[in-house]
Amino acid sequence: MISLQESITKKCLQRYFLFHDKSENQSLLPESDNLSAVQIKKNIVIIGAGYGGLTAALRLEKLLRKSANYKIHLIDKNPYHTLKTQLHEAAVRNTEVTIPLDRIIKNKNIRFHLGEVKFIDVANRIIHIYDNAEEEKLTFDFLVIAIGSKINFYNIPGMKENSFALQTLQDADLIYEHISKICASTASKDNELKRKENLRFVIGGGGLSGVEFAGELADHTSKCVTNFGINKKEVEIIIIEAADRLVPFMDKEFSERVEKKLIGKGISILKGSKIIKRTSNQIMLSDGSVIQSGNFIWTGGIRVSDLLRSSGLQTGLAGKVMVNKFLQSKDDKKIYAIGDSANAINPVTNKPVPAAAQFALQQGRLVAKNIFSEVTDKNKEQYHPQVLGEVVSLGRHLAVGWLALPFIKKVTFVGFLANLLKAAIKEKHIFLLRKESRNWIRY
Ligand SMILES: Cc1cc2nc3c(=O)[nH]c(=O)nc-3n(C[C@H](O)[C@H](O)[C@H](O)COP(=O)(O)OP(=O)(O)OC[C@H]3O[C@@H](n4cnc5c(N)ncnc54)[C@H](O)[C@@H]3O)c2cc1C
């Protein structure tokens, strides 16, 4: 039997192939080794159709609509846009978190390329894309790198082999299936110790994705309790965080609120604890203690794909592209990087901007504007991140958040109101995508 998410993915693929006529592609794309043959228009290539890349593509398309000289190319390894900020919900509740890209870019001057970029030849201006074994080469005049981030296992022994990650739709599917199986299989087990171990869920990392997942899981396990007649006390959720507080990049007061709410949901929090080893059923900590569990979800760090380092572009912390105040690569002014792939600096604090969807969206809009300014000989705009607010969801009906409102510094929301705010942020993103693309009908 295929899962709901699998069927959505298959549906997206079918739609993609129906929408993209192969002959049309062939006439417009360079024939594998004869790149110069069809280079009439200048190519603006965007790698990654996530928050940053899709926003940049749609905004650029709007700005360049009247110009016949440029063609926008959008590349992604999936035919859908993933609402990554909702992945924890998909992992626990199997909710829908993808939007087919063809619906968003239909009738636009955007050519979509399905495939994984495996090499960026900076010197020769060629992107190497692979769709299964088929290679496509695409030249660029401007390039926007928006490939997001992937999980970082920090070479902790056994971590990669024995943990679940939560970065993609496929990750979410795997976790969903695992939790469902665990709940069902425990119901028939008599050994009390084995039952407890089976129902112990450990989350490595108390950042945004870790706490949001933990909150969601706590709600779900209560359903597991009701449906399978499991004693509530047998279920245990533990968050292990190396720093001395949860969501460390947020205000201290905010972290304390998040922690209080999670403890209220029965979640245990181990702060200042480093994981040094993972086996199939154990988590070893630096203080010598060992936690027995087969259910381990690692959300403790991100890094950018090696693709960027191998391109020769200057990269910094976690492999992010080093960018200037206009978000251009420090090595090459025709290459921009945004979102989780960029080491963008906040000029006020002089610190790197955190990996968050709201910054990826702002950066996507800015690079579109800056590329447009370049091609129309106007002045480019400097990057100034705006923190509009933060919301952390802690389960289905609970969240903690704040909003920056005019004249008032911060308005804090806790509980159901904050949850409504989080839902509103998601809806706003979908609304803006629809507005930018104009012809997209909600799936
Ligand atoms: C569980 C979870 C909860 C989160 N919650 C929040 C939140 O509440 N608020 C918030 O602000 N942020 C949150 N984040 C972080 C946020 O999702 C990211 O910061 C944001 O997605 C970054 O946007 P991006 O455009 O840089 O990359 P992404 O949105 O990750 O998009 C990258 C795209 O690039 C594609 N891609 C990658 N490599 C290649 C390749 N080689 N070839 C072709 N395509 C490629 C991918 O398929 C993807 O579509 C959360 C993250 C997680 C995992």
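Each ligand, and each atom within it, is numbered from 1 in the order the structure gives. The figures that follow rest on heavy atoms only: side chains count, while hydrogens, waters and symmetry mates do not. Counting from 1, the numbers follow the sequence of the chain as shown.
- When the shell of 6.0 Å around NZ of K265 is examined, it contains more than 12 heavy atoms from other residues, nucleotides or ligands.
- For atom 53 (C) of ligand 1, the nearest non-hydrogen atom from the set I75, V392, L166, D171 comes from L166.
- Every atom of ligand 1 with a heavy atom of A146 under 4.0 Å away is listed here by number and element: 32 (C), 33 (C), 34 (O).
- The closest heavy-atom contact to atom 12 (N) of ligand 1, among the options A360, A357, G364, comes from A357.
- You'll find the ring centres of Y51 and H429 inside the 6.0 Å limit.
- Salt bridge D251/R257: absent, no basic N to carboxylate O contact under 4.0 Å.
- Salt bridge E241/R245: absent, no basic N to carboxylate O contact under 4.0 Å.
- Side-chain contact annotation: Q167 with K84, donor-acceptor N/O pair under 3.5 Å present.
- Ranking protein heavy atoms by distance to atom 17 (O) of ligand 1, first place goes to K84 CB, 3.5 Å.
- Taking a cut-off of under 4.0 Å to the non-hydrogen atoms of G48, the atoms of ligand 1 that pass are 33 (C), 34 (O), 35 (C).
- When G210, G207, G115, S209 are checked for heavy-atom proximity to atom 43 (C) of ligand 1, G115 turns out nearest.
- No donor-acceptor pair under 3.5 Å is formed between the side chain of T315 and the backbone N or O of M322.
- Under the side chain to side chain donor-acceptor pair (under 3.5 Å) criterion, Q382 pairs with no residue at all, not counting sequence neighbours.
- In terms of N/O distances under 3.5 Å, ligand 1 is not approached by G53.
- Of the protein's heavy atoms, G148 CA, 3.2 Å lies nearest to atom 27 (O) of ligand 1.
- Under 4.0 Å is where a charged nitrogen must lie from a carboxylate oxygen, and between K333 and E374 no such pair does.
- In terms of polar-atom proximity, defined here as any N/O pair under 3.5 Å, Y51 does make such a contact with ligand 1.
- Checking side-chain atoms of S273 against main-chain N and O of I240 turns up no donor-acceptor pair under 3.5 Å.
- The part of Q358 lying near ligand 1 is the backbone, judged by heavy-atom distances below 4.0 Å.
- The main-chain N or O of L199 is never found under 3.5 Å from a side-chain atom of N295 such that the two would form a donor-acceptor pair.
- Per-residue contacts place G339 under 4.0 angstrom from the following atoms of ligand 1 (heavy atoms of the residue considered): 26 (O).
- Close approach of ligand 1 to G52 (heavy-atom distance below 4.0 Å) involves ligand atoms 25 (O).
- A donor-acceptor pair under 3.5 Å links the side-chain atoms of D331 to the main chain of Q314, judged by distance alone.
- Residue-ligand proximity: S305 is placed with every non-hydrogen atom at 4.0 Å or more from ligand 1.
- Nearest to atom 26 (O) of ligand 1 among the protein's heavy atoms is D340 N, 2.9 Å.
- Polar contact with ligand 1: present for K77 (N/O pair, distance under 3.5 Å).
- Counting only non-hydrogen atoms, the option in T85, I46, N78 that gets closest to atom 14 (N) of ligand 1 is T85.
- Of the heavy atoms in E212, only side-chain atoms (C-beta onward) come closer than 4.0 Å to ligand 1.
- For ligand 1, the atoms closer than 4.0 angstrom to any heavy atom of A355 are 19 (O).
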